[in-house]
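Structure first, then comments.
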Amino acid sequence: MLETFFRIRKIYYLILGVIGVPVNLVAIVILSQGKCGLSACTSRYLVAMATADLLVIITEVILWRISYYYFPGSFLDITPVCRVISVLSHTATDCSVWFTVTFTFDRFVAICCQKLKTKYCTEKIATVVPATTCILFCLKNIPIFFTLEPADIINNVPWGCEFKTSYFTEPGWIGFDLFDTVLKPLLPFGLILLLNALTVRHILLASRVRKGLRGQSKGENHSDPEMESRRKSVILLFTISGSFILLWLVYVLEFLYYNITGIDPGDYNNSQYMFEHVGYMLLNLSCCTNTFIYGATQFKFREQLKSAVKYLVTPISQLMNKQNN
């Protein structure tokens with residue numbers, strides 16, 4: 001059974017790499033044009049999220065997973081290169097996670113905090129927040145470079161990466177690992193759940209008040225443009241954050257299991273091992289889902305996507321017709 005799982009995982013990451021790059025590039029191009037009917041503020045957060053997801057696919061899936069399975073012994077396995085890839089992968093993953101948190105907070109402010117909305121939900125803030133987040137996580141992950149050492153030295157060339165023994169014993173590294181654990185996944189997971197719960201509570205209360213004011217509590221049916229606009233915004237928010245929570249859930253459960261039981265992952269049985277790696281597979285999948293969410297929930301995004309496909313297909317079709325003639 002474990003051998004079959006290895007084969008599935010190998011094919012899975014290849015498919016993820018092939019799909020993940022183009023879908024995120026498409027999202028970046030379409031959203032950056034600002035023609036999807038979304039506010040400039042929202043578009044900037046979504047572009048930042050798609051960019052971070054693209055970097056996760058490149059660093060974690062292609063340069064790490066696919067390289068390991070399909071190109072073992074390549075220059076990517078040389079220790080200095082391996083260290084750089086590890087730092088970039090951690091940084092991209094942190095940014096992907098926390099851009100989802102910052103987007104969730106931005107929508108929480110836009111929906112629930114009308115006084116703060118005019119000051120916070122602006123293009124400037126939507127640029128500064130992701131940029132600052134990215135810089136902070138770049139700095140935070142630099143120490144990871146120094147936690148790794150060669151797994152082997154062949155002909156005086158260091159190969160592979162593994163954690164130094166001191167990483168598990170020295171107080172400074174233990175504290176760093178705890179800090180990293182809090183930042184990912186515990187704090188973002190909790191914040192997204194909390195912000196969504198507060199947003200739902202506010203929407204329910206506001207909906208009751210508006211229905212009362214408009215006489216809908218007596219069975220009358222009036223259109224409410226403001227509520228319709230808010231509904232679309234909420235659908236986008238909940239599908240993105242909900243997808244994130246579901247796809248990271250297995251990883252979080254495995255993380256809690258590991259810390260509560262104190263079992264070394266190296267001592268996992270086959271079922272525990274597969275559960276652990278299914279968690280990694282799903283959290284990497286979360287970097288490919290947002291584009292499909294935009295297509296499913298945003299009519300104008302679908303229209304832009306159709307136009308882009310038509311723009312690409314038409315010249316190819318014309319060229320093929322010329323060659324046939």
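The first residue of the sequence shown is numbered 1, and numbering continues consecutively from there. All of these numbers come straight from a predicted model, not from anything done at the bench.
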List the atom pairs, donor and acceptor, that lie under 3.5 Å between side-chain atoms in residues 36-53 and the rest of the protein, sequence neighbours left out.
| residue | atom | partner | partner atom | Å |
| --- | --- | --- | --- | --- |
| Ser39 | OG | Thr42 | N | 3.1 |
| Ser39 | OG | Thr42 | OG1 | 2.9 |
| Thr42 | OG1 | Arg107 | NH2 | 3.4 |
| Ser43 | OG | Ser39 | O | 3.1 |
| Arg44 | NH1 | Thr127 | OG1 | 2.3 |
| Arg44 | NH2 | Glu123 | OE1 | 2.9 |
| Thr51 | OG1 | Val47 | O | 2.8 |
| Asp53 | OD1 | Ser96 | OG | 2.6 |

In residues 54-63, what donor-acceptor pairs under 3.5 Å come from side-chain atoms, sequence neighbours left out?
| residue | atom | partner | partner atom | Å |
| --- | --- | --- | --- | --- |
| Thr59 | OG1 | Leu55 | O | 2.7 |
| Glu60 | OE1 | Ser89 | OG | 2.6 |
| Glu60 | OE2 | Arg65 | NE | 3.0 |
| Glu60 | OE2 | Arg65 | NH2 | 3.1 |

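Transitive grouping of hydrophobic side chains (ILVMFWY, heavy atoms separated by less than 4.5 Å) brings Tyr70 and Tyr280 into a common cluster. Under a hydrophobic-cluster definition in which Ile, Leu, Val, Met, Phe, Trp and Tyr are linked whenever side-chain heavy atoms come within less than 4.5 Å, directly or via other members, Ile19 and Leu285 are assigned to different clusters.
Taking the six-membered ring for Trp, Trp64 and Tyr68 have ring centres at least 6.0 Å apart.
Under 3.5 Å, the side chains of Ser243 and Thr289 contain a donor-acceptor pair of N or O atoms. For Glu276 and Tyr258, the side-chain atoms include no donor-acceptor pair closer than 3.5 Å. Counting only N and O atoms by type, the side chains of Glu254 and Tyr268 include a donor and acceptor under 3.5 Å apart. Side-chain contact check for Tyr120 and Asp106: no donor-acceptor pair (N or O, by modelled atom type) lies under 3.5 Å.
Here Cys161 contributes atom SG and Phe145 contributes atom CZ; the two are 8.5 Å apart, rounded to the nearest 0.5 Å. Atom CG of Leu198 sits about 10.5 Å away from atom NE2 of His202, to the nearest 0.5 Å.
In this pair, Tyr273 and Phe5 present their aromatic rings perpendicular. The plane angle is above 60°, beyond the 30 to 60° band.
More than 12 heavy atoms of other residues, nucleotides or ligands lie within 6.0 Å of CZ in Phe168, so this atom counts as buried by the packing criterion. More than 12 heavy atoms of other residues, nucleotides or ligands sit less than 6.0 Å from atom CZ of Phe6.
Counting only residues at least two apart or in different chains, disulfide bond (SG atoms under 2.5 Å apart) contacts with residues 99-132 are absent.
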